[in-house]
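Residue numbers start at 1 and run along the sequence shown. Side chains are part of it too, since the values below use all heavy atoms of this structure and drop only hydrogens, waters and symmetry mates. We count ligands from 1, going down the list as the structure has it; atoms in each ligand are counted the same way.
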Amino acid sequence: MPLHSPSLTNSAELSFLKRASLTRHPLTQRLFQLMERKQTNLSVALDVTSQTQLLELADALGPQLCVLKTHVDLLEDYTPDFGHKLQMLADKHQFLIFEDRKFADIGQTSSLQYAKGIYRIAEWAHLINAHIVPGPGIIDGLKQIGAPKQRGLLLIAEMSSAGTTAKGAYTRKTVQLAEEHADFVIGFISLRKLSDQPNFLHFTPGVKLKKGKDSLGQRYRTVEEIVGENQSDIIIVGRDITHAVNPQEQAITYRQAAWETLSRRCR
Ligand code: 5BU
């Protein structure tokens, strides 16, 4: 059951352009607009260990994506120009970069992890995410760094893995914190739509063309289930695209399936 209360207009039925007009967050506006322009609500998780391969995939898949998701700490050949190179591809193909760092420490430490260290994530990632386990201080800490750069934060309200403890009261608390920090929080990682506020975007990982699971607890749902029934906005697809014989063709298949499902949902 969705957590949002029933209302006359369901925000999930509004077009992205309409939702862009209903938000004041500049990054959310930009994302809604580029999704509408490119006609895509596909995000790809490039979980590769080579920076060269990541940049090649980003260039090849860029036209199909609204958001490119990274785990920068997987890279074995990371060099400090990585962020700049990825940003050039983001400009070329018009997508946003989401570093799936899952911050989870006190505000002070998280802000340092975001701004400093080897990766300097705040310099190149438009979007980051965080667990709310530490309480609202983590949002304030990340916001100090990200807000002046017009970055955005996704709160992890639910996870795709089996046995996740991010559910029930925890999920509801996450939604409440997002609503209280809507100047920096742009949405959620969740399995379904959680808030009826049209400015919030819902991103869902654990997607395949057929339902299933991997050997380490990942659970896969279909595009129809996620974007149609559960009313999430953006699908995040990893291995089913990156490990495909032809990742470009596979990305096109997902992009079309997700956009068609969304188009049926929106009035
Ligand atoms: P996959 O190859 O499609 O299973 O990759 C899914 C990606 O999404 C991978 O990068 C995970 O780290 C990420 N992910 C996830 O699978 N589930 C979650 O709940 C969150 C992130 Br949060």
Side-chain angles (χ1 to χ4, degrees), residues 41-51 53-54 57-58 61 64-76 86 95-105 110 119 121 125 127-134 138-139 142 152-168 170-171 173-175 177-178 185-194 200-223 225-227 230 232-245 247 250-251 253-255 257-258:
N41 55 334
L42 170 66
S43 169
V44 176
L46 295 184
D47 294 342
V48 293
T49 55
S50 150
Q51 157 177 308
Q53 195 192 353
L54 192 154
L57 277 167
L61 303 180
Q64 314 306 331
L65 314 179
C66 59
V67 172
L68 184 143
K69 190 175 87 59
T70 57
H71 280 299
V72 70
D73 55 358
L74 298 182
L75 299 178
E76 292 174 331
L86 191 55
F95 57 74
L96 298 188
I97 305 166
F98 165 27
E99 165 57 26
D100 187 2
R101 172 62 179 75
K102 300 187 183 72
F103 295 99
D105 214 317
S110 294
Y119 301 122
I121 293 165
L127 289 170
I128 45 154
N129 56 355
H131 292 290
I132 58 124
V133 177
I138 187 169
I139 303 175
L142 295 170
L153 172 65
L154 297 168
L155 295 183
I156 302 165
E158 294 177 320
M159 291 193 71
S160 58
S161 39
T164 174
T165 54
K167 60 184 183 181
Y170 181 87
T171 299
K173 181 71 186 173
T174 314
V175 175
L177 287 177
V185 176
I186 76 150
F188 307 96
I189 302 288
S190 63
L191 303 177
R192 60 213 156 111
K193 178 186 167 195
L194 296 173
F200 286 128
L201 278 147
H202 297 79
F203 288 60
T204 303
V207 190
K208 269 202 175 175
L209 296 172
K210 282 197 186 132
K211 252 175 127 78
K213 53 187 179 172
D214 75 2
S215 60
L216 296 172
Q218 174 70 300
R219 288 177 302 184
Y220 292 107
R221 292 167 180 79
T222 62
V223 174
E225 205 174 341
I226 293 166
V227 181
N230 291 357
S232 184
D233 298 308
I234 294 178
I235 57 164
I236 300 175
V237 184
R239 286 163 284 178
D240 212 30
I241 289 179
T242 55
H243 291 193
V245 178
Q250 186 77 331
T253 301
Y254 272 103
R255 174 208 179 150

Within a distance under 4.0 Å of any heavy atom of Lys102, pick out the atoms of ligand 1 and give their elements.
12 (O), 20 (C), 21 (C), 22 (Br)
Find out whether Asn230 and Thr204 are in side-chain contact, i.e. whether some heavy atom of one side chain is under 4.5 Å from a heavy atom of the other.
no
I need the minimum non-hydrogen distance between Ala258 and Ile235, along with the two atoms involved.
CB-CD1, 3.7 Å
Taking every heavy atom of Ile234 against every heavy atom of Cys66, the minimum-distance pair comes out as CD1-SG, 4.1 Å
Is any side-chain heavy atom of Ile236 closer than 4.5 Å to a side-chain heavy atom of Phe98?
yes
Closest protein heavy atom to atom 10 (O) of ligand 1, given as residue, atom name and distance to 0.1 Å
Asp47 OD2, 2.5 Å
Are there more than 12 heavy atoms of other residues, nucleotides or ligands under 6.0 Å from atom NZ of Lys213?
no
Considering heavy atoms of the protein only, find what lies nearest to atom 4 (O) of ligand 1 and give residue, atom and distance to 0.1 Å.
Tyr220 OH, 2.7 Å
Report yes if Lys69 has an N/O atom closer than 3.5 Å to an N/O atom of ligand 1; otherwise report no.
yes
If you compare Ala166, Gly217, Pro205, Gly206 by their heavy atoms, the one closest to atom 14 (N) of ligand 1 turns out to be Pro205
Select one of side chain, backbone, both or neither to describe which atoms of Arg239 lie under 4.0 Å from any atom of ligand 1, heavy atoms only.
both
What part of Asp214 sits under 4.0 Å from ligand 1 if we count only heavy atoms: the side chain, the backbone, both or neither?
neither
Using every non-hydrogen atom in the two residues, find where Phe95 and Val67 come nearest and quote the distance to one decimal.
CB-N, 4.3 Å
Quick check on contacts: which atoms of ligand 1 are under 4.0 angstrom from a heavy atom of Gln218?
4 (O), 6 (C), 15 (C), 16 (O)
Would you kindly specify which portion of Ser160 sits under 4.0 Å from ligand 1, judged on non-hydrogen atoms: side chain, backbone, both or neither?
both
Smallest separation among heavy atoms of Ala251 and Leu61, with atom names
CB-CD2, 4.0 Å
Looking at every heavy atom in both Asn129 and Arg101, which two are closest together, and how far apart are they?
OD1-N, 3.2 Å
Which atom names give the shortest non-hydrogen contact between Leu209 and Asp240, and what distance separates them?
N-OD2, 4.0 Å
With atoms numbered from 1 as shown, which atoms in ligand 1 lie under 4.0 angstrom from a non-hydrogen atom of Ile189?
22 (Br)
Those atoms of ligand 1 less than 4.0 Å from some heavy atom in Asp100
12 (O), 13 (C), 21 (C)
min-distance protein heavy atom vs atom 12 (O) of ligand 1 -> His71 NE2, 2.9 Å
Nearest non-hydrogen protein atom to atom 5 (O) of ligand 1, with distance, is Gly238 CA, 3.9 Å
